[in-house]
Amino acid sequence: MTYIYRADEDIQREPTVPYIYRTIELPPEVTYPERKKFKPELCGTPSGYQQHGRFNQERCPDCLIAYSEYQREYRAARLAPEISPKASTIGSDNPKEKGVRNGTH
């Protein structure tokens, strides 16, 4: 059964409630930590050299010298062959080496 609406009929409807606007909560203001400042007391050290780079400054002569010395020491330590103490042949499993294990003294 279908219902046909006629304009002369009075339709009983529930009264509409006015829309209540919600207040929008704004996010709290974002606070950023203080920016790091240039520390001149680091000049003359490798970290001072890097600090100049972070702040897009020309590196001072003291920092250049300190960084080049640091790099020189770093490369020497890294590229130098490792010198290990001579291994003892007493407990060797190599039959060509003299030792107690393989029966020759």
Side-chain angles (χ1 to χ4, degrees):
M1 180 172 153
T2 59
Y3 179 78
I4 300 173
Y5 171 75
R6 295 196 176 127
D8 58 343
E9 292 180 11
D10 194 20
I11 299 175
Q12 297 295 323
R13 293 186 186 170
E14 301 247 347
T16 58
V17 179
Y19 183 76
I20 300 172
Y21 291 97
R22 291 186 306 158
T23 58
I24 298 173
E25 293 180 21
L26 296 174
E29 281 193 37
V30 178
T31 57
Y32 296 102
E34 240 182 78
R35 281 194 68 159
K36 292 185 178 181
K37 296 178 182 170
F38 184 81
K39 297 177 185 175
E41 62 268 11
L42 291 177
C43 279
T45 63
S47 59
Y49 176 90
Q50 293 173 345
Q51 179 181 234
H52 283 297
R54 277 195 299 274
F55 286 94
N56 294 326
Q57 297 176 349
E58 189 175 331
R59 283 146 173 125
C60 64
D62 293 337
C63 289
L64 289 170
I65 292 169
Y67 191 70
S68 64
E69 288 175 2
Y70 164 75
Q71 284 294 317
R72 194 176 302 118
E73 291 170 7
Y74 174 77
R75 286 190 193 111
R78 187 149 188 241
L79 299 177
E82 291 185 23
I83 300 172
S84 60
K86 187 175 180 183
S88 174
T89 59
I90 293 177
S92 175
D93 288 333
N94 189 347
K96 293 183 180 178
E97 292 181 15
K98 293 183 178 180
V100 176
R101 239 189 213 172
N102 55 19
T104 59
H105 293 291

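Numbers here are sequence positions counted from 1. The structure displayed is predicted, hence computed values, not measured ones.
Other residues, nucleotides and ligands contribute more than 12 heavy atoms inside 6.0 Å of the CZ atom of F38.
With sequence neighbours left out, the salt bridge (charged side-chain N to carboxylate O under 4.0 Å, His left out) criterion links K37 to E34.
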Donor-acceptor pairs under 3.5 Å, side chain of residues 47-58 to any protein atom, not counting sequence neighbours: which ones?
| from | atom 1 | to | atom 2 | distance (Å) |
| --- | --- | --- | --- | --- |
| S47 | OG | T45 | OG1 | 3.1 |
| Q51 | OE1 | K39 | N | 2.8 |
| Q51 | NE2 | K39 | O | 2.9 |
| H52 | ND1 | Q57 | OE1 | 3.1 |

What donor-acceptor contacts under 3.5 angstrom involve side-chain atoms of residues 60-73, with partners at least two apart or in another chain?
| from | atom 1 | to | atom 2 | distance (Å) |
| --- | --- | --- | --- | --- |
| Y67 | OH | Q71 | NE2 | 3.2 |
| S68 | OG | L64 | O | 3.2 |
| S68 | OG | I65 | O | 2.9 |

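Think of V30 as one node in a network of Ile, Leu, Val, Met, Phe, Trp and Tyr side chains linked at under 4.5 Å; its network also takes in Y32.
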